[in-house]
Asks: 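Got a structure here, written out as structure tokens. Questions coming.
No hydrogens, no waters, no symmetry mates; every other heavy atom, side chains included, goes into these values. Chain identifiers are assigned alphabetically (A, B, ...) following the order of the sequence lines, protein sequences preceding nucleic acid strands; residue numbering begins at 1 within each chain. All values derive from a computational prediction rather than experimental measurement.
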2 protein chains.
Amino acid sequence: MSANSNVPESLPRVPELDKRKAYILTTVVYEYIATAEPVGSATLTQKYNLGVSSATIRNEMAELEARGYLVQPHTSAGRVPSDTGYRTYVDRLMPAETLGSEESGRLRAEFMRAGRALDEIVEQATRLLAQYSQSLAVVVAPSKDSQTFRHLQLIWLAERSVLMVVVTTAGVTEQHVIEPAVNVDPDDLTRASNALNRRLSGKLLAELDRTAVSDVLAAMSPPLHASLVDGVVAGFARVRRPEERRILFGGAQHLLDQPEFRDFKKLRSILDLVEEQRTLYHVVLESIERGESTPSVRIGGELELDDINECSLVTIPYRMGDRSLGVLAILGARRMPYGRMMALIAATADHLSQHLTDVELP
Amino acid sequence: MSANSNVPESLPRVPELDKRKAYILTTVVYEYIATAEPVGSATLTQKYNLGVSSATIRNEMAELEARGYLVQPHTSAGRVPSDTGYRTYVDRLMPAETLGSEESGRLRAEFMRAGRALDEIVEQATRLLAQYSQSLAVVVAPSKDSQTFRHLQLIWLAERSVLMVVVTTAGVTEQHVIEPAVNVDPDDLTRASNALNRRLSGKLLAELDRTAVSDVLAAMSPPLHASLVDGVVAGFARVRRPEERRILFGGAQHLLDQPEFRDFKKLRSILDLVEEQRTLYHVVLESIERGESTPSVRIGGELELDDINECSLVTIPYRMGDRSLGVLAILGARRMPYGRMMALIAATADHLSQHLTDVELP
DNA sequence: GCTAGCAGTCTCGAAAAGTGAGTGCCAATA
DNA sequence: TATTGGCACTCACTTTTCGAGACTGCTAGC
């Protein structure tokens with residue numbers, strides 16, 4: 001068989017590896033990703049145009065193992081990439097991929113079907129990412145405090161009971177019940193709502209702290225009762241809730257298709273992580289702290305979490321307008337088609353960001 | 001060992017089974033639920049006060065098998081309950097259980113921590129049900145159209161763009177963007193909002209169809225533009241969305257603890273069902289169509305779904321005030337502690353209903 | 001520097017053998 | 001007539017054994 005088209009004949013330069021070693025590493029990673037079987041020297045000479053015998057490959061592979069790029073599961077087995085091997089492959093050897101226009105078009109069309117509601121859109125993104133990646137999709141839902149305040153309404157419910165409804169430009173509405181110490185005149189509520197809308201509409205929720213709110217309400221005459229002002233401040237704080245972000249999962253069943261997860265212990269520890277949410281939430285957020293807009297990859301031990309040290313995580317942030325709202329992630333076996341996954345997650349983030357930007361309220 | 005305290009000495013009458021057969025069936029089910037191993041005649045004589053020899057038990061068990069209450073996995077194994085066996089146990093033999101007051105108290109306290117937001121409360125219910133049952137919890141979120149309309153606000157966003165925000169007494173807010181054919185005066189929006197609130201507040205969302213809305217808006221002078229009226233009607237229809245109900249899952253990892261799911265095929269088919277959602281949604285809703293408020297149990301083949309014919313499903317509806325909002329369910333192995341599960345799900349539904357009723361808006 | 005050949009190592013799967021739990025049946029018994 | 005002890009038999013499960021196959025590292029020769 002001739003050289004596989006996905007393994008380019010001419011490779012980028014990797015200072016510490018000569019051309020042949022780089023090519024061998026590339027083919028080992030590629031072959032192992034495709035077959036899930038340790039790769040032996042004979043397989044390589046048969047399937048790829050190496051121009052040398054298997055004995056030479058053996059020598060080279062031994063060298064690559066000594067330098068930490070490959071490992072042997074046991075003495076009489078072929079080689080498997082190490083974290084370093086995968087890392088070198090991803091950073092320097094792998095050809096960049098982009099999603100085919102046909103697939104990209106389908107993805108876009110699916111987003112259109114999600115409607116305008118933020119929750120729905122994010123759920124749809126999770127579903128699509130899981131489906132297209134055939135892997136576990138993890139999505140951190142939009143943070144509240146990076147959304148723009150659009151409108152507020154204080155609604156008289158009963159004596160000493162006021163409902164505060166807040167709308168953001170992301171089309172998210174949140175409500176909060178205020179129980180002021182005195183009965184409040186519905187007209188005052190309308191006036192307060194109007195004043196807050198006039199003065200604060202368009203600001204980030206994160207900016208709407210006690211000072212901002214009191215400043216607006218203090219200017220009213222007659223002044224509002226302090227307990228109501230406190231209630232509105234508390235309402236904004238509650239709506240904002242930067243600490244509580246929803247995290248969505250999809251496609252857990254795809255893990256069962258990977259031979260590396262045919263082990264109830266591993267499966268259990270991953271599902272526990274999913275259920276517990278908090279750890280994965282932090283791991284996913286860490287991955288994009290640098291604020292890049294290209295996919296970020298963390299491989300095996302790089303995740304610094306024993307439960308998933310045989311997994312890799314691909315992450316990318318998504319936006320509404322120019323504000324970063326949340327993160328998409330794919331968690332899969334370390335043996336994943338990195339090029340495809342990165343192309344897929346980048347395209348998904350693009351379409352998601354575009355769709356979110358389109359549905360933002362004026 | 002003496003008779004186990006969970007298997008009562010005196011059993012209810014089962015017309016078609018004599019006292020001893022009923023007792024043997026009870027102990028077989030009880031023992032199998034506890035150990036997950038087929039139950040043999042020797043085990044029964046050793047662990048329970050039967051007063052007869054194992055040979056007699058063998059005769060009785062053969063009889064119970066002939067009548068369809070027990071089955072033998074293979075010739076030289078003990079017996080396992082059939083669907084009929086479990087059904088008889090659940091309906092007539094099993095002692096009723098209630099949740100201990102300590103556990104019930106903890107459950108109530110956990111609900112308190114969920115706050116007032118409907119979404120959060122339902123998510124909390126899912127988590128708690130999964131955690132306490134150590135099983136897969138399935139929760140059908142509240143239907144929109146059984147909620148009471150409380151307040152509406154039409155908000156001017158831009159020319160030919162109006163945001164409609166609807167609040168229900170369940171404290172759920174939904175928004176819908178209306179794009180009328182003409183520019184609308186913000187004052188008209190306020191008047192329309194006031195009219196709709198005055199006339200329709202307190203009605204079920206399900207009642208707010210085209211007629212109800214047009215009747216109110218037709219009385220306005222000057223009349224609203226027809227396209228805006230259409231928009232409001234569409235908005236109510238969209239908010240109501242009876243066909244789209246969220247369904248929540250929790251505790252999938254607990255399946256891995258049951259020996260009956262140590263099989264990737266079975267596991268896969270259940271996780272596929274979870275991911276697909278629609279089938280389980282229908283199965284869960286079917287279970288409570290009778291409108292009872294006690295737990296309903298469906299065992300194995302009774303579910304009429306090949307993928308889960310080795311599972312049982314316990315369901316119960318939950319309420320806000322006197323309206324049924326949704327359903328709680330536990331999906332687990334057929335070999336589940338039915339008494340405990342039924343007590344648990346009943347208590348959870350009670351606390352959930354109580355908490356929801358408490359946080360309903362006036 | 002490369003290669004052919006070979007001995008050595010280790011995993012994996014199939015086959016074989018042994019183990020034990022549990023049954024059904026029967027003749028004896030109260 | 002219901003019950004019991006005894007016994008032969010069955011069958012899944014575990015352990016062991018064994019051979020095949022895959023791959024390596026090494027060495028001597030080109």
Asks: Once you apply a heavy-atom cut-off of 4.0 Å, does A:Ala77 come out as touching a base, just sugar-phosphate, or nothing?
Replies: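 Touches sugar-phosphate only.
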
Asks: Quick check: does any side chain N or O of A:Ser312 sit under 3.5 Å from a backbone N or O of A:Gly332, one acting as donor and the other as acceptor?
Replies: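 Between the backbone of A:Gly332 and the side chain of A:Ser312 there is no qualifying donor-acceptor contact (under 3.5 Å).
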
Asks: Could you check how far CZ of A:Arg262 sits from P of C:dC12, rounded to whole Å?
Replies: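 Atom-to-atom, A:Arg262 to C:dC12, this comes out as 16 Å.
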
Asks: Measure distances between side-chain N and O atoms of A:Ser76 and base N and O atoms of D:dC23, and say whether any donor-acceptor pair falls under 3.5 Å.
Replies: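 Absent.
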
Asks: Taking the six-membered ring for Trp and the full ring for Phe, Tyr or His, determine whether the centres of A:Tyr338 and A:Tyr30 are under 6.0 Å apart.
Replies: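 Ring centres of A:Tyr30 and A:Tyr338 not closer than 6.0 Å.
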
Asks: Closest approach to the side chain of B:Thr56, judged atom by atom: which nucleotide of C:dT3, C:dC2, D:dT4 is it?
Replies: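 Among C:dT3, C:dC2, D:dT4, the one nearest the side chain of B:Thr56 is D:dT4.
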
Asks: Looking only at side-chain N and O atoms, does A:Ser41 come under 4.0 Å of OP1 or OP2 in D:dT24?
Replies: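 Yes, A:Ser41 has a side-chain N/O under 4.0 Å of OP1/OP2 on D:dT24.
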
Asks: B:His74 or B:Arg58: which one's nearest nucleotide on DNA chain D is closer to the 5' end?
Replies: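 Nearest nucleotide further toward 5': that of B:Arg58.
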
Asks: Base, sugar-phosphate or nothing for B:Ser54? Non-hydrogen atoms, less than 4.0 Å.
Replies: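 The residue B:Ser54 makes no contact with any strand.
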
Asks: Going by atom types alone, do B:Tyr132 and B:Glu103 pair a side-chain donor with an acceptor below 3.5 Å?
Replies: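 B:Tyr132 vs B:Glu103: no donor-acceptor pair found between side chains.
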
Asks: Considering only heavy atoms and no angle criterion, is a donor-acceptor pair shorter than 3.5 Å present between the side chain of B:Arg79 and the base of C:dG24?
Replies: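 It does not, because no donor-acceptor pair links the side chain of B:Arg79 to the base of C:dG24 below 3.5 Å.
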
Asks: Can you pull out the residues from residues 59-67 of chain A that lie within a 4.0 Å heavy-atom distance of DNA chain D?
Replies: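 Contacts with DNA chain D under 4.0 Å: none.
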
Asks: Calculate the interatomic distance between B:Gln72 atom CD and C:dA21 atom C1'; express it in whole Å.
Replies: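 It works out to 12 Å between those atoms.
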
Asks: Which nucleotide in the list D:dT10, D:dC23, C:dC2 gets nearest to the side chain of A:Arg20?
Replies: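 Nearest listed nucleotide: C:dC2.
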
